[in-house]
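These notes concern the structure reproduced below.
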Amino acid sequence: MDSTESGGASSRAARGGREARRKERAHKGGGVHRPYITRNIPTYDILSEDNLVRIEAAADRILAETGIEFRDDPVALDHWRRAGAKVDGVLVKFEPGMLREILKTAPPEFTQHARNPANSVRIGGRNVVFAPSYGSPFVMDLDKGRRFGTIEDFQNFIKLAQSSPWFHHSGGTICEPTDIAVNKRHLDMVYSHITLSDRPFLGSVTAEERSEDSIEMSRILFGADFVDQNCVIMGNVNVNSPLVWDGTMTKSLRTYARGNQASVIVPFILGGAMGPVTSAGAIAQSLAETMAGCALTQLERKGAPVIFGNFLSSMSLRSGSPTFGTPEPAVGSMVIGQLCRRLNLPLRCSGNFTTSKLPDAQAMTEGTMSMLAAIHCGANFILHSAGFLDGLLSMSYEKFMLDADLCGALHTYLDGVKIDDNQLAVDAFAEVGPGNHFFGCSHTMANYETAFWDSETADNEPFEKWEAAGSVDTATRANKLWKERLANYEKPPLDEGIDEALRDYMDRKKAEAPDMWY
């Protein structure tokens, strides 16, 4: 080997060593060693007691005077009749205080178990769980552009989440695998979550039988007795705002509750379309719709875990287009957080929202605004933590990596400031003295590896060095990173007998019906 080759090898080894140390520092205190975050900063409570009471009174009036329709689910209507609500056809009206009384049986905190017990998450209280985005029909990347999602894309995003130290949850329908029949794709999605990740996950809610399949596959994984007594899967169900719960969703949420599994109850209120343009009115509507859905889980099975969810958004009143990551819903999320804590329920609120079509400055500006709202409002389960682009129509590979980086920063942000003798560093001042630097002092040397969070996507080099390296932008760095992450992905081990039983169940269920593509 000549001197040039030797120097190049030494340089690569040095770079590799630095990279390994950087990754080790980034993972300390987080990731797989911290299955969820316990917040050490307070929530941001922006409304007074008087104004919170006014919103609750407005929600009570909506429930008592206008009511909520429960369509295509006679069992739900029977539940409400027995509970004392006024049922007229499919319209249900509730006396003030009725739903709050029913909700007293819902747990304020619960554990969702992962197949790897080290990755089980605690939802509620001061705990924060990050999960990827959910529900996009399209995917996009810098190489192939925007296209319909496939099962390969779906599995890629599971692998990316599993490989990142900054997520705690595998998510659910990260993107729609449109190359698999609509009535069967839920089986492949749940199987992919189980086999490609060892973190908690969400199941299907698009039909009652698909919800049942999701829970049954979880029983194969965990055992029926364990599932009956513990939460191992959740379903994310949406209100058909304004003021309609359709049977597809109520049957699914009742299926999860009946199996003692958690439902995430989420109105999607687009201000000016599915709700009023004023934030206070949309918040009151959201409170009414969500309380009704949460309460229905308790009528199905008292004590079943449930998450109080919310998805406030705005719209361009000039064009009628939805807008995401805007300030009004962000502030509204903080009010939702206050109202949820008064109900003593776990909270899902806000996320990394944007209407940008590219992983660009607009995407990160809007996403950061709405993500910080989720952090400050006290959200316990943050769905849509990564990948959200194009108003949720697209999952972006590059945006996923940029958002993962933001989630990493938020781990440190939520840790707050620790106060002890080492952190106060009084002895370091004595060692360094006035006018000198701290670079080589003993305190710096003892703490430098864990002192600061280290970004995987940012470039912090001087301009000249960045320019000499090709002037690469952040999206391009993210493109390279997701490819490296997939290339280095390691599948977590799974018992062969369980895997065989899951595949047998899938084969039997798929053979029972012809493919349906709508």
*Quick one: pull up CZ in Arg477 and CD in Glu456 and give me the separation to the nearest 0.5 Å.*
12.5 Å
_Stepwise side-chain hydrogen bond (donor to acceptor under 3.5 Å, both in side chains) test for Ser394 and Arg146_ = CA-CA 8 Å; Ser394 301; Arg146 187 176 188 255; 3.1 Å; yes
*For Gln261 and Asn230, which heavy atoms make the closest approach, and how far apart are they?*
NE2-O, 2.9 Å
*asked:* Whether the side chain of Ser350 engages the backbone of Ser370 through a donor-acceptor N/O pair (distance < 3.5 Å, no angle test) should be reported.
replied: yes
*Could you tell me whether a side-chain N or O of Asp45 sits under 3.5 Å from a main-chain N or O of Gln338, the two making a donor and an acceptor?*
no
*Distance in Å, Leu414 CG paired with Ile41 CD1, rounded so as to fall on 0.5 Å steps*: 5.0 Å
*Would you mind listing every salt bridge (Lys or Arg N to Asp or Glu O under 4.0 Å) that reaches into residues 371-389, with sequence neighbours excluded?*
none
*Verify side-chain hydrogen bond (donor to acceptor under 3.5 Å, both in side chains) between Ser319 and Ser321, making sure each step is shown before the conclusion.*
CA-CA 5 Å; Ser319 67; Ser321 298; 3.2 Å; yes
*Could you state the interatomic distance from CZ (Arg185) to CD1 (Ile180), rounded to the nearest 0.5 Å?*
7.5 Å
*Donor-acceptor pair, Arg301 side chain versus Arg258 backbone, under 3.5 Å?*
yes
*Do Glu328 and Ser314 pass the side-chain hydrogen bond (donor to acceptor under 3.5 Å, both in side chains) test, and can you show the C-alpha distance, the side-chain angles, and the key distance before you say yes or no?*
CA-CA 8 Å; Glu328 295 86 359; Ser314 52; 4.9 Å; no
*Can you list the steps and then say if Thr150 with Asp179 is a side-chain hydrogen bond (donor to acceptor under 3.5 Å, both in side chains)?*
CA-CA 5 Å; Thr150 65; Asp179 52 342; 4.5 Å; no
_Taking the side chain as everything from C-beta on, heavy atoms only, tell me whether Met234 gets closer than 4.5 Å to Leu383._
no
_Can a donor-acceptor pair be found, under 3.5 Å and without considering hydrogens, that links the side chain of Asp213 to the backbone of Glu216?_
no
*Which residue pairs satisfy the side-chain hydrogen bond (donor to acceptor under 3.5 Å, both in side chains) criterion with at least one member in residues 279-288, sequence neighbours excluded?*
Gln285-Glu289, Ser286-Asn310
*When rounded to the nearest 0.5 angstrom, what is the spacing between OG in Ser192 and CG in Asn156?*
10.5 Å
*asked:* Could you go through Arg342 and Glu49, starting from their C-alpha distance and side-chain angles, then the distance that decides it, and tell me whether this counts as side chain to side chain contact (heavy atoms under 4.5 Å, CB included)?
replied: CA-CA 11 Å; Arg342 291 160 72 88; Glu49 171 72 15; 2.7 Å; yes
*Below 4.5 Å, heavy atoms only, C-beta onward: do Leu299 and Trp80 meet side chain to side chain?*
yes
*With sequence neighbours left out, write down each residue that passes side-chain hydrogen bond (donor to acceptor under 3.5 Å, both in side chains) with Tyr413, or none if nothing qualifies.*
His376
*Hey, what's the ring geometry for Phe353 with His384, parallel, tilted or perpendicular (30° and 60° as the breaks)?*
perpendicular
*Close side-chain approach of Val121 to Phe381, heavy-atom, < 4.5 Å*: no
*asked:* Taking side chain to side chain contact (heavy atoms under 4.5 Å, CB included) as the criterion, tell me which of Ile382, Ile123, Val129 meets it with His168.
replied: Val129
*Ser136: partners by side-chain hydrogen bond (donor to acceptor under 3.5 Å, both in side chains), with sequence neighbours left out*: none
*Starting at CG of Leu410, measure out to CD1 of Ile375 and round the result to the nearest 0.5 Å.*
4.5 Å
*When you measure from the centre of the six-membered ring of Tyr36, is the NZ or CZ of Arg122 under 6.0 Å away and within 45° of the axis?*
no
*Please walk me through it: do Trp453 and His411 pass ring-ring contact (aromatic ring centres under 6.0 Å, His included)?*
CA-CA 9 Å; Trp453 169 76; His411 275 71; 9.9 Å; no
*Of all residues at least two apart in sequence or in a different chain, which pass the side chain to side chain contact (heavy atoms under 4.5 Å, CB included) check with Asn479?*
Leu142, Asp143, Glu398, Trp482, Lys483
*asked:* Could you check whether any side-chain N or O of Lys184 sits under 3.5 Å from a backbone N or O of Val182, counting only pairs where one atom can act as donor and the other as acceptor?
replied: no
*Nearest heavy-atom pair of Ala181 and Trp517: which atoms, and what distance?*
N-CH2, 3.4 Å
*Looking only at atom types and distance, does a side-chain atom of Lys93 sit under 3.5 Å from a main-chain N or O of Glu65, one as donor and one as acceptor?*
yes
*Would you check if the side chain of Glu208 reaches a backbone N or O of Thr248 as a donor-acceptor pair within less than 3.5 Å?*
no
_Within-4.5 Å side-chain heavy-atom neighbours: Val139 and Lys144_ = no
*Below 4.5 Å, heavy atoms only, C-beta onward: do Leu253 and Trp245 meet side chain to side chain?*
yes
*Verify salt bridge (charged side-chain N to carboxylate O under 4.0 Å, His left out) between Asp390 and Lys399, making sure each step is shown before the conclusion.*
CA-CA 11 Å; Asp390 187 24; Lys399 179 72 160 37; over 6 Å; no
*Please work out whether the ring planes of Phe70 and Phe94 are parallel, tilted or perpendicular, with thresholds of 30° and 60°.*
perpendicular
*Is there side-chain contact between Leu339 and Leu52, with at least one heavy-atom pair below 4.5 Å?*
yes
*Run the salt-bridge test on Arg81 and Asp78 with the 4.0 Å N-O cut-off and return the result as yes or no.*
yes
*Minimum side-chain heavy-atom gap Gln112-Arg199 below 4.5 Å*: no
_Enclosure of Arg147 CZ (heavy-atom neighbours >12, cutoff 6.0 Å)_ = yes
*asked:* Using 0.5 Å steps for rounding, measure from the OH atom of Tyr134 to the OG1 atom of Thr173.
replied: 4.0 Å
*Looking at Glu300 and Lys251, does any basic side-chain N land under 4.0 Å from a carboxylate oxygen?*
no
*Can you establish whether the number of heavy atoms outside Tyr191 located under 6.0 Å from its atom OH is more than 12?*
yes
*Is it true that a side-chain atom of Ser214 and a backbone atom of Ser204 form a donor plus acceptor pair closer than 3.5 Å?*
yes
*Judged by atom type as modelled, is there a donor-acceptor pair below 3.5 Å linking the side chain of Glu366 to the main-chain atoms of Thr355?*
yes
*Residues in side-chain hydrogen bond (donor to acceptor under 3.5 Å, both in side chains) with Asp198, at least two apart?*
Asn116, Asn119, Gln162
*Beyond-backbone contact of Ile233 with Tyr256, side-chain heavy atoms, under 4.5 angstrom*: yes
